[in-house]
Asker: 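Input: one structure, supplied below.
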Amino acid sequence: MQTLARKRLPRLLYDYLDGGAFDEITLAANTADFARLRFVPPVLNDVGSIDLGTTIFGERLSMPLILGPVGSLGVLSRLGDIASAKAAEACGITSCLSTTAVASVEDVTAARKNPIWFQLYVLTEPGHHVELIRRAKAAKCRALVITVDCAIPAQKERDLRHGYTFTGKVRPRNILDMLTRLHWMRSVLLGPRLNFGSMPGGKGNFKRIMSKAGGGLMDKGLDWDKVKQIRAMWDGPLVIKGIMSPRDAARAVDLGADGIVVSNHGGRQLDGAISTIMALGPVVDAVNDRAVVMMDGGIRRGHDVVKALAMGAKACLIGRGYAYGLAANGQAGVEQSLDILRKEMTSTMGMLACTSVAQLGRELLHDNEWRF
């Protein structure tokens with residue numbers, strides 16, 4: 001899927017999707033540390049029937065995966081946010097819509113039978129997040145996910161080399177490259193006009209929002225008090241995404257968070273931060289079953305998900321892992337990506353002599369180089 005995405009997307013869009021901050025050290029560590037963490041497999045257990053199912057906030061999922069919030073999916077494939085949400089439902093899992101999605105929360109929820117999660121960015125626009133919470137409630141979103149790790153924008157050098165995409169200053173070589181990507185042109189460029197459905201400015205806001213994407217959009221004053229105010233506004237499950245330290249995890253739960261997503265924004269923010277799989281264990285211990293702990297970052301194989309669950313995560317969010325599939329082949333590509341992960345999880349659990357995700361624990365992991 002990654003290879004197909006690279007072939008079908010204009011280079012500036014592929015690098016936007018695939019890249020990270022600065023030297024991409026954390027981006028690489030997210031996958032490299034998964035590879036360092038090894039299994040210690042037990043044997044001689046009946047694995048004739050393996051159940052990947054789990055329950056998150058009262059919703060039964062067919063496997064412990066959630067499509068994480070990825071902004072601008074509509075520039076990767078026509079109606080990409082809707083296609084991804086429909087693929088998730090077809091595969092028996094849920095999805096989380098980004099504030100920076102092209103499609104609106106109303107359009108995405110209308111395309112599904114079951115509710116989605118909504119990811120909230122607190123922006124500089126006064127009162128905007130209050131209106132988004134109202135809209136998420138009206139759309140019957142199951143959970144609200146506050147992303148807290150990007151008040152300060154990071155430098156993404158791949159984007160800088162391309163002249164940063166949609167500011168109206170696309171370089172001639174990028175235009176020529178776009179004209180050679182016929183699949184993408186048919187899917188996106190010749191499709192409906194792009195618009196950020198949950199961002200300020202209403203219709204026709206796409207170019208204006210993109211011109212500010214390098215800075216000036218996010219509220220730099222977001223703090224624990226504002227999260228507490230949001231907790232009071234939202235009466236459903238509240239998830240805080242972007243937690244990496246045990247202390248912050250414990251404080252979030254004390255404040256009223258129902259869930260934590262251990263995340264370094266896929267290596268797109270603080271370069272030099274530890275990987276999420278390395279941060280996961282201490283956060284799980286600090287939360288101590290008082291909230292649902294999830295993680296994202298670096299998941300490219302089904303056995304990565306199994307490792308995260310054995311470390312203590314309840315589920316994993318994926319971003320690039322399905323966005324590649326979307327860019328490759330729309331909704332069908334997302335469904336195929338999820339099917340690949342499902343098969344790999346099933347195979348890995350069978351070889352670990354586990355028949356349900358509840359049986360996964362740290363005794364299955366080699367801790368020679370790790371401290372749990």
Asker: Identify the two heavy atoms, one from Leu365 and one from Val40, that lie closest to each other, and give their separation to 0.1 Å.
Answerer: C-CG2, 4.0 Å
Asker: Quick one: do Leu270 and Ile260 end up in the same hydrophobic cluster if we chain Ile, Leu, Val, Met, Phe, Trp and Tyr together by side-chain heavy atoms under 4.5 Å apart?
Answerer: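 No, Leu270 does not connect to Ile260 through the hydrophobic network.
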Asker: What about Leu76 and Leu189, same hydrophobic cluster or not, with Ile/Leu/Val/Met/Phe/Trp/Tyr joined at side-chain heavy-atom distances under 4.5 Å?
Answerer: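 Yes: a chain of side-chain contacts under 4.5 Å links Leu76 to Leu189.
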Asker: In this structure, would Ile318 and Leu27 fall into the same cluster of hydrophobic residues linked by side-chain contacts under 4.5 Å?
Answerer: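 Each belongs to a different hydrophobic cluster.
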Asker: Checking Thr355 against Gln359: is there a side-chain donor and acceptor pair closer than 3.5 Å?
Answerer: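 There is such a pair (donor and acceptor under 3.5 Å, judged by atom type) between the side chains of Gln359 and Thr355.
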Asker: Above 12 or not: heavy atoms from other molecules or residues under 6.0 Å from CZ of Arg247?
Answerer: no
Asker: Report the distance from atom OG of Ser187 to atom CG of Leu182, rounding to the nearest 0.5 Å.
Answerer: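 Spacing of OG (Ser187) from CG (Leu182) equals 12.5 Å.
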Asker: Counting C-beta onward and ignoring hydrogens, is there a side-chain heavy-atom pair between Leu37 and Met311 closer than 4.5 Å?
Answerer: yes
Asker: For the residue pair Glu24 and Arg158, establish whether any side-chain heavy-atom pair is separated by less than 4.5 Å.
Answerer: yes
Asker: Is the NZ or CZ atom of Lys307 both under 6.0 Å from the centre of the six-membered ring of Phe34 and within 45° of that ring's axis?
Answerer: no
Asker: For Arg301, which residues count as a side-chain contact (heavy atoms from CB on, under 4.5 Å) partner, sequence neighbours excluded?
Answerer: His303, Asp304, Glu344
Asker: Tell me whether the NZ or CZ atom of Arg6 lies within the 45° cone about the ring axis of Tyr324 and under 6.0 Å from its centre.
Answerer: no
Asker: Which atom pair, heavy atoms only, marks the closest approach of Val75 to Val188?
Answerer: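 Looks like O-CG2, 3.8 Å.
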Asker: Can Tyr14 and Gln2 be said to form a side-chain hydrogen bond (donor to acceptor under 3.5 Å, both in side chains), step by step?
Answerer: CA-CA 9 Å; Tyr14 177 78; Gln2 184 178 12; 3.2 Å; yes
Asker: Near Arg11 CZ, under 6.0 Å, is it more than 12 heavy atoms from other residues, nucleotides or ligands?
Answerer: no
Asker: For Arg112 and Ser95, work out which heavy atoms get closest and say how close.
Answerer: NH1-OG, 3.9 Å
Asker: Looking only at heavy atoms, what is the nearest atom pair of Asn264 and Thr276, with distance?
Answerer: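 Minimum heavy-atom contact is N-CG2, 3.4 Å.
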